[in-house]
Amino acid sequence: MTRHAIGIDVGGTKTKACIVRLSDGAVVAERTEATPCQTGGAAVLDLVCDLAAAMRGLARKEALDTTALGICLPELVTRDGEPASAWNFDWRGLDYRSRLGSYGVLHIDSDVRAAAFAEGWMGAGKDVDPFVYVTISTGLSHSLVIGGAPYEGARGFAIHFSGSDLVAFDGPNQDRAVRHNLELFAGGKALGERYGAVIARPDTTARALFEAEAQDPRAAEMVSNALLSLASYLGQLINTLDPAVLVLGGGIGSDPKVTPRLAALTRQFIWAEGARDMPIVPSLIGDTACAIGVAALAHKTTSRMERP
């Protein structure tokens with residue numbers, strides 16, 4: 001019997017649940033709901049449980065064998081699969097394992113590692129070693145993939161390249177400290193909030209900002225500044241990790257109108273001449289990458305448990 005697994009990508013704005021065929025990564029069923037982040041972690045967990053039940057019910061109806069459930073979060077997740085931050089919502093202290101464990105072997109991971117694994121399996125990182133996958137969406141994160149496996153770090157926290165302040169010094173005497181936080185400047189959430197403040201519409205999204213770029217000079221300047229700042233960080237990421245390919249994912253990173261602009265800007269920040277022409281490419285999988293990847297990772301957990 002062909003095996004399947006359920007993958008649920010819990011995002012900052014939407015949550016996507018998929019039934020994934022493990023032989024080739026095909027999504028055979030999916031459902032997407034808005035993520036109730038503002039209501040709190042318990043409400044998000046309720047949604048995930050509802051989606052897991054719906055996917056399992058559909059799998060049984062279609063006589064599909066699903067033995068594993070993968071959940072990926074837009075948060076820090078430890079090597080043991082424990083949520084360790086609360087940037088979007090807080091699952092720390094919630095009894096998520098007992099509630100979700102009834103749907104099969106449970107694997108919890110960070111969303112960027114799940115997407116990176118999928119891209120290495122069947123996407124833009126296939127047969128590339130090593131490569132770096134960067135999510136540019138609601139938030140910003142990255143994963144270095146070596147030999148097909150996303151590098152976790154000592155604690156599972158090797159996903160951020162932009163969440164902490166960098167400090168430089170400016171001014172006539174180079175004595176004025178300037179702090180810059182890329183995620184709070186150029187992440188999708190931040191871009192929507194900043195443009196919303198400019199046009200007095202607090203519900204504005206980053207998508208609206210990019211759509212307004214051609215008509216509104218203020219939007220054009222914000223986009224230009226954000227992409228240049230992003231490019232400077234991506235250049236330093238390349239300088240630090242020296243990947244063979246940089247894969248850009250997420251709603252902003254893989255946008256065909258954004259990727260070539262960002263790639264061109266990034267090259268000026270790559271220090272080594274031999275690396276400046278490296279491929280900088282968009283994700284090939286798109287918005288199901290996280291769900292596909294975490295379903296496959298959950299199945300790998302099942303396989304390890306089945307070994308004698």
Side-chain angles (χ1 to χ4, degrees), residues 12 74-76 85-88 112 132 134-144 153 155 157-243 246 248 250-253 255 257-278 280:
E75 303 289 349
L76 289 172
S85 67
W87 193 68
N88 291 281
V112 69
V132 170
V134 174
T135 293
I136 305 173
S137 190
T138 302
L140 309 173
S141 54
H142 88 287
S143 180
L144 172 65
R155 302 163 188 82
F157 300 161
I159 65 171
H160 286 304
F161 69 101
S162 62
S164 298
D165 290 0
L166 294 183
V167 181
F169 287 85
D170 196 2
N173 299 314
Q174 298 290 297
D175 58 357
R176 182 182 65 185
V178 179
R179 305 179 74 93
H180 186 257
N181 184 302
L182 181 67
E183 193 157 40
L184 298 181
F185 180 73
K189 181 179 180 181
L191 287 174
E193 290 175 349
R194 292 200 294 116
Y195 187 54
V198 169
I199 63 175
R201 289 187 56 184
D203 60 341
T204 300
T205 64
R207 180 182 295 275
L209 168 64
F210 280 88
E211 290 174 348
E213 183 182 9
Q215 296 82 29
D216 186 347
R218 299 170 300 177
E221 183 178 12
M222 287 185 68
V223 169
S224 177
N225 291 344
L227 293 183
L228 181 61
S229 191
L230 275 165
S232 71
Y233 278 68
L234 293 177
Q236 300 314 312
L237 197 60
I238 291 168
N239 294 338
T240 302
L241 301 176
D242 190 25
L246 176 65
L248 301 179
I252 296 174
D255 186 325
K257 296 179 181 179
V258 173
T259 306
R261 295 170 63 186
L262 193 50
L265 289 168
T266 297
R267 298 192 190 284
Q268 66 183 296
F269 296 103
I270 299 174
W271 189 83
E273 290 185 12
R276 285 193 197 120
D277 62 349
M278 64 168 288
I280 301 175

Roughly how far, to the nearest 0.5 Å, is [atom2] of [Y] from [atom1] of [X]?
| X | Y | atom1 | atom2 | answer |
| --- | --- | --- | --- | --- |
| L234 | L262 | CG | CG | 5.5 Å |
| L182 | S164 | CG | OG | 11.5 Å |
| T266 | L248 | OG1 | CG | 7.0 Å |
| I280 | R267 | CD1 | CZ | 4.0 Å |

Could you name each residue pair satisfying salt bridge (charged side-chain N to carboxylate O under 4.0 Å, His left out) that touches [range], not counting sequence neighbours?
| range | result |
| --- | --- |
| residues 181-191 | none |
| residues 219-230 | none |
| residues 223-238 | none |

Minimal non-hydrogen separation, [X] against [Y], with atom names:
| X | Y | result |
| --- | --- | --- |
| N88 | E75 | N-OE2, 2.7 Å |
| T135 | G250 | CG2-CA, 4.3 Å |
| F161 | H142 | CD2-CB, 3.9 Å |
| P74 | G12 | CG-N, 4.2 Å |
| L140 | S137 | CD2-N, 4.4 Å |
| A226 | L191 | CB-CD2, 3.8 Å |

What residues, two or more places apart in sequence or in another chain, satisfy side chain to side chain contact (heavy atoms under 4.5 Å, CB included) together with [X]?
| X | result |
| --- | --- |
| A264 | none |
| D255 | K257, V258 |
| A197 | none |
| Q268 | L228, L265 |

Side-chain atoms of residues 166-175: list all donor-acceptor pairs with protein atoms under 3.5 Å, sequence neighbours left out, distances to 0.1 Å.
unit_1	atom_1	unit_2	atom_2	d
D170	OD2	R176	NH2	3.2
Q174	NE2	G171	O	3.3

### Query
How would you list, by chain and number, every residue that makes a side-chain hydrogen bond (donor to acceptor under 3.5 Å, both in side chains) with D165, sequence neighbours excluded?
R179, N181
Considering only distance and modelled atom types, tabulate donor-acceptor pairs under 3.5 Å from the side chains of residues 210-219, sequence neighbours left out.
unit_1	atom_1	unit_2	atom_2	d
E213	OE1	R261	NH1	3.2
E213	OE2	R261	NH1	3.3
E213	OE2	R261	NH2	2.9
D216	OD1	R218	N	2.9
D216	OD1	R218	NE	3.1
D216	OD2	Y195	OH	2.7
D216	OD2	R218	NE	3.4
D216	OD2	R218	NH2	3.1

### Task
Can you establish whether the number of heavy atoms outside R276 located under 6.0 Å from its atom CZ is more than 12?
yes
### Query
Does the side-chain contact (heavy atoms from CB on, under 4.5 Å) test come out yes or no for T204 and L209, once each step is laid out?
CA-CA 8 Å; T204 300; L209 168 64; 5.6 Å; no
N/O donor to acceptor pairs below 3.5 angstrom from side-chain atoms of residues 235-243, sequence neighbours left out:
unit_1	atom_1	unit_2	atom_2	d
Q236	OE1	N239	ND2	3.2
N239	OD1	W271	N	2.9
N239	ND2	G235	O	3.2
N239	ND2	F269	O	3.1
T240	OG1	Q236	O	2.8

### Task
Write out all pairs satisfying ring-ring contact (aromatic ring centres under 6.0 Å, His included) with one or both partners inside residues 219-243, taking only residues at least two apart or from two chains.
H180-Y233
